[in-house]
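Please read the structure below before turning to the comments.
Proteins get letters first, then strands, A, B, ... in listed order; numbering begins at 1 in each.
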2 protein chains.
Amino acid sequence: MLLSKSCTYAVRAALLISKKKIDSGRNYIPVSELAKELDISFHFLTKILQKLTESKIMNSFRGPNGGITLTRSPEKIKIIEIVDAIDGMKLFESCIFGLPTCSDDHPCPLHKQWKLQRIEILKLFKTNTIHDLTINDDEFNLSGK
Amino acid sequence: MLLSKSCTYAVRAALLISKKKIDSGRNYIPVSELAKELDISFHFLTKILQKLTESKIMNSFRGPNGGITLTRSPEKIKIIEIVDAIDGMKLFESCIFGLPTCSDDHPCPLHKQWKLQRIEILKLFKTNTIHDLTINDDEFNLSGK
DNA sequence: CATATTTAAGACATCAATGTCTTAAATATA
DNA sequence: TATATTTAAGACATTGATGTCTTAAATATG
Ligand code: FES
Ligand code: FES
């Protein structure tokens, strides 16, 4: 898999929070609600979202009417920020054959071509914001069911 | 990682076999020799290469002067064959967010864009042969050191 | 203040990928 | 035939990612 499972959960949760904030007008969304709709283990999602609050992409609030919210407006959060917070940037810097040094000076036989490809993938995550992927999302699937 | 570690080992071994056959004129190359030069565990590499002999990409021969060889000439073996034999084609068919069904009828918010990207990656493996990545390989790094 | 709701934190379990080791089978050659 | 070389096969160990569970802390509300 390109992204870790944890990372895909994180992105899907972020998109759902964005949608739910718009649809319901609430600010904080409980993790239990997200987990249920995304069909993800509640405790596991909690742990993943904690990383996003640590990295200031999300904010949490305890107690009744508490939950998780996005710290910024969805159009100001790029997908790459979430990917970076969970998986890091290694994918976009490393050799497709897993060699320890990937550089133009020390290329493997696919270096030149893979470098171009991974830049395109990076662009995918850098140009799309949470907002971009939330709009029109009635047609879109987030739930795994 | 895009490819599993096992898969990267398999491709690197295939490239080295190709090179060694040309350079030394031998047909069968011992796994121990490959493992040493690629800095991979001998027993582990043995197991991985067994999958490639099962899938008829390589052929093995026991005893003195035995080893592993490519069944076809390097220009007739595409990288995707090795990737498919070890990792399968799932990467090129599945959702970037890990959702169970990835299709135009059931798209996640990144489906359209990711579909284009994964086709390009697939092309990378479909258009390059072992031969393509073996030529001029004095400048190229396979060894992890 | 008592209770219910919610996240935080961390211990623990499970699983698949990776890696190690031992024994068996095949083959060449002296 | 005896020995050395080499792959085949499979048991076993290690590791990191994933998933579960329990307890603590914070907060709202009656
Ligand atoms: S060295 Fe392999 S992709 Fe850069
Ligand atoms: S459904 Fe997500 S990439 Fe196709």
Side-chain angles (χ1 to χ4, degrees), chain A residues 1-13 17 20 26-36 38-71 83 85-88 90-91 97-98 100 144, chain B residues 1-10 12-13 17 20 26-36 38-71 83 85-88 90-91 97-98 144:
Chain A
M1 263 209 296
L2 190 82
L3 304 176
S4 72
K5 230 169 174 186
S6 297
C7 188
T8 67
Y9 291 172
V11 176
R12 286 165 56 204
I17 291 171
K20 280 187 164 286
R26 288 175 296 168
N27 194 16
Y28 289 98
I29 315 288
V31 180
S32 55
E33 192 179 321
L34 300 169
K36 201 169 188 182
L38 296 172
D39 199 26
I40 299 173
S41 144
F42 162 67
H43 289 290
F44 192 35
L45 184 57
T46 298
K47 247 198 289 194
I48 294 166
L49 294 186
Q50 275 171 26
K51 285 188 196 157
L52 296 184
T53 62
E54 277 165 30
S55 46
K56 312 282 185 196
I57 295 166
M58 296 187 181
N59 192 24
S60 69
F61 199 82
R62 293 199 250 204
N65 308 314
I68 303 279
T69 193
L70 303 172
T71 46
V83 171
I86 305 294
D87 281 355
K90 214 178 152 192
L91 172 65
F97 294 146
Chain B
M1 263 208 297
L2 191 80
L3 303 176
S4 72
K5 231 170 173 185
S6 297
C7 188
T8 66
Y9 290 171
R12 285 164 57 203
I17 291 171
K20 280 186 164 285
R26 288 175 296 168
N27 194 16
Y28 289 97
I29 314 290
V31 179
S32 56
E33 193 179 321
L34 300 170
K36 200 170 188 179
L38 295 172
D39 199 27
I40 299 174
S41 145
F42 162 67
H43 290 289
F44 193 35
L45 184 57
T46 298
K47 247 197 291 193
I48 294 165
L49 294 186
Q50 276 171 26
K51 286 189 196 158
L52 296 185
T53 62
E54 279 166 28
S55 46
K56 313 283 184 194
I57 295 166
M58 296 187 179
N59 192 24
S60 69
F61 199 83
R62 293 199 251 204
N65 307 315
I68 303 279
T69 191
L70 303 172
T71 45
V83 172
I86 305 296
D87 280 356
K90 214 178 151 192
L91 172 64
F97 294 146

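Between A:L45 atom CG and D:dA17 atom P there is a gap of 18 Å when expressed in whole angstrom units. The distance from atom CG of A:D39 to atom C1' of D:dG19 is 14 Å, rounded to the nearest whole Å. To the nearest angstrom, C1' of C:dA17 lies 9 Å from NZ of B:K51. When the C1' atom of C:dT14 is taken as reference, atom CZ of A:F44 falls 12 Å away, rounded to whole Å. Atom pair B:K90:NZ and C:dA17:C1' shows a separation of 14 Å (rounding to whole Å applied). One atom, NZ of B:K5, and another, C1' of C:dA16, lie 14 Å apart when rounded to the nearest Å. B:I86 has its CD1 atom 16 Å from the C1' atom of C:dA16, to the nearest Å.
Residues B:N59 and B:L70 fail the side-chain proximity criterion, which asks for heavy atoms closer than 4.5 Å. B:R26 places a side-chain heavy atom less than 4.5 Å from the side chain of B:E33.
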Starting at the 5' end of nucleotides 1-15 of chain D, put B wherever the base has a protein heavy atom under 4.0 Å, S where only the sugar-phosphate does, and a dash everywhere else. ----BBBB--B----

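A sub-4.0 Å separation between OP1 or OP2 of D:dT18 and a side-chain N or O of A:Y9 is absent. The phosphate of C:dT18 (OP1 or OP2) has a side-chain N or O of B:S6 nearer than 4.0 angstrom.
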Dot-bracket for DNA chain C, 5' to 3', counting Watson-Crick or G-U wobble pairs under 3.5 Å, with [ ] for crossing pairs and | for inter-strand pairs? ||||||||||||||||||||||||||||||

Tell me which donor-acceptor pairs under 3.5 Å the side chains of residues 60-69 of chain A have, and how far apart each pair is, sequence neighbours excluded?
| unit_1 | atom_1 | unit_2 | atom_2 | d |
| --- | --- | --- | --- | --- |
| A:T69 | OG1 | A:K21 | NZ | 2.6 |
| A:T69 | OG1 | A:N27 | O | 3.0 |
| A:T69 | OG1 | A:N27 | OD1 | 2.9 |

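A donor-acceptor contact shorter than 3.5 Å links the side chain of A:T71 to the backbone of A:I57. A donor-acceptor pair under 3.5 Å is formed between the side chain of B:R12 and the backbone N or O of B:L38. No donor-acceptor pair under 3.5 Å is formed between the side chain of B:D87 and the backbone N or O of B:C7. Checking side-chain atoms of B:T8 against main-chain N and O of A:G98 turns up no donor-acceptor pair under 3.5 Å.
The heavy-atom pair separating A:I48 from A:A10 by the smallest distance is CG2-CB, 3.8 Å. Residues B:S55 and B:A85 approach most closely at OG-CB, 3.6 Å, considering heavy atoms.
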